[in-house]
There are 2 protein chains.
Amino acid sequence: MFIRMEGSEAQPYFLRVAAGVRRAIAEESVAPGERLPQAKELAEGLGVNLHTVLRAYGVLRDEGLVEMGRGRAVRVAPAASAGRARVAEMVERLAAEARRWGLAPEEAGALVTEAMR
Amino acid sequence: MFIRMEGSEAQPYFLRVAAGVRRAIAEESVAPGERLPQAKELAEGLGVNLHTVLRAYGVLRDEGLVEMGRGRAVRVAPAASAGRARVAEMVERLAAEARRWGLAPEEAGALVTEAMR
DNA sequence: ACCTATTTGTCCGTATGTATG
DNA sequence: CCATACATACGGACAAATAGG
């Protein structure tokens, strides 16, 4: 699995690293559930700092593309969890926000239905 | 405006700082559009590092509660933008994700409506 | 059940970049 | 053009959770 910095050089390193890993996943050069290079190694390989890679991985975790945690390896999220679970989480967050701003349940639902057409 | 660390001591600093600022906003001890303390000052006041505060502010920006940028002060987001615009953005993101995973428009809308009851 | 190595998570410090006013 | 203040990157240190023996 080859990972390189991706995207415009104007972008910050951590986003370019994230883009590189994202591409590797998209191209399926890494399978779901499989290990990604540990942060330290990847950092050395790319010539950037450990923290920069950790931040990049963090971005991908927020996107639901990878799973990671202390003492564990970074792995490509299983397709199932990257799907159902991820959508469910976004639904929860949106529902909370919509409620906070006084939208009715049907209103919020309609917004989403509309946005998808 | 008084800002203190909030929440369990088991939580990381940056989350406790974020919680403290969030509370100050919620209590309306800071008005929308008003300046929040600059990161460096707040860091000194709380006895934590500058980065810790910047990270906390970053969390709040992701939540849409504050606006910030290079060379600008950190300000409480105007109520309007923290409302309509924010929900709209989340709707867009959810729609994109739901489409990606093959959900029908009505399905996604129903999930949201359901989640709000 | 214990110990140990591995690996991410957080925090601090410092330096430099860069958009804003 | 200059001062301000956030943004990124690097480096070091230690904590904490996991996995393996």
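Sequence lines set the chain letters: A, B, ... in the order given, protein chains first and strands last, and positions in each chain run from 1.
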Separation of A/Leu46 atom CG from D/dC10 atom P, in whole Å?
10 Å

Does one hydrophobic cluster hold both A/Met90 and A/Leu111, with members joined at side-chain heavy-atom distances below 4.5 Å?
yes

With A/Arg93, which residues qualify under side chain to side chain donor-acceptor pair (under 3.5 Å), at least two apart?
A/Glu89

Identify whether A/Val91 and B/Val87 are in the same connected component of the hydrophobic contact network (ILVMFWY, side-chain heavy atoms under 4.5 Å).
yes

For a side chain to side chain contact (heavy atoms under 4.5 Å, CB included) check, start with the C-alpha distance between B/Glu6 and B/Arg16, then their side-chain angles and the critical distance, and finish with the verdict.
CA-CA 5 Å; B/Glu6 203 91 15; B/Arg16 301 188 59 208; 5.7 Å; no

For B/Arg16, report the nucleic acid contact type (base, sugar-phosphate, nothing); a contact means any heavy atom under 4.0 Å.
nothing

Value in whole Å for how far the C1' atom of D/dC6 lies from CG of B/Asp62
15 Å

When you group the ILVMFWY residues by side-chain heavy-atom contacts below 4.5 Å and let the links chain together, are A/Leu15 and A/Val48 in the same group?
no

Report the residue from B/Ile25, B/Val21, B/Val30 that forms a side chain to side chain contact (heavy atoms under 4.5 Å, CB included) with B/Ile3.
B/Val21

Between C1' on D/dA5 and CD on B/Glu41, what's the gap in Å once rounded to a whole number?
11 Å

Protein-nucleotides 1-4 of chain C N/O pairs closer than 3.5 Å?
none

Nucleotide D/dA5, atom P - distance to CD of B/Glu67 in whole Å
18 Å

Check whether any side-chain N or O of B/Arg55 sits under 3.5 Å from a backbone N or O of B/His51 as a donor-acceptor pair, and report yes or no.
no

Taking side chain as C-beta onward, heavy atoms only, is B/Val66 less than 4.5 Å from B/Arg75?
no

Distance-only, no hydrogens or angles: does the A/Thr52 side chain make a donor-acceptor pair with backbone N or O of A/Phe14 under 3.5 Å?
no

Protein proximity profile, nucleotides 11-21 of chain C - base contact B, sugar-phosphate-only contact S, no contact -, cut-off 4.0 Å on heavy atoms
BSBB--BBBBS

Separation of D/dA9 atom C1' from B/Leu54 atom CG, nearest Å, is 13 Å

How long is the line joining CG of A/Leu60 and C1' of C/dT8, in whole Å?
15 Å

How close or far is atom P of C/dT10 from atom CD of B/Glu9, stated in whole angstroms?
17 Å

Rounded interatomic separation in angstrom, taking NZ from A/Lys40 and C1' from C/dA5
12 Å

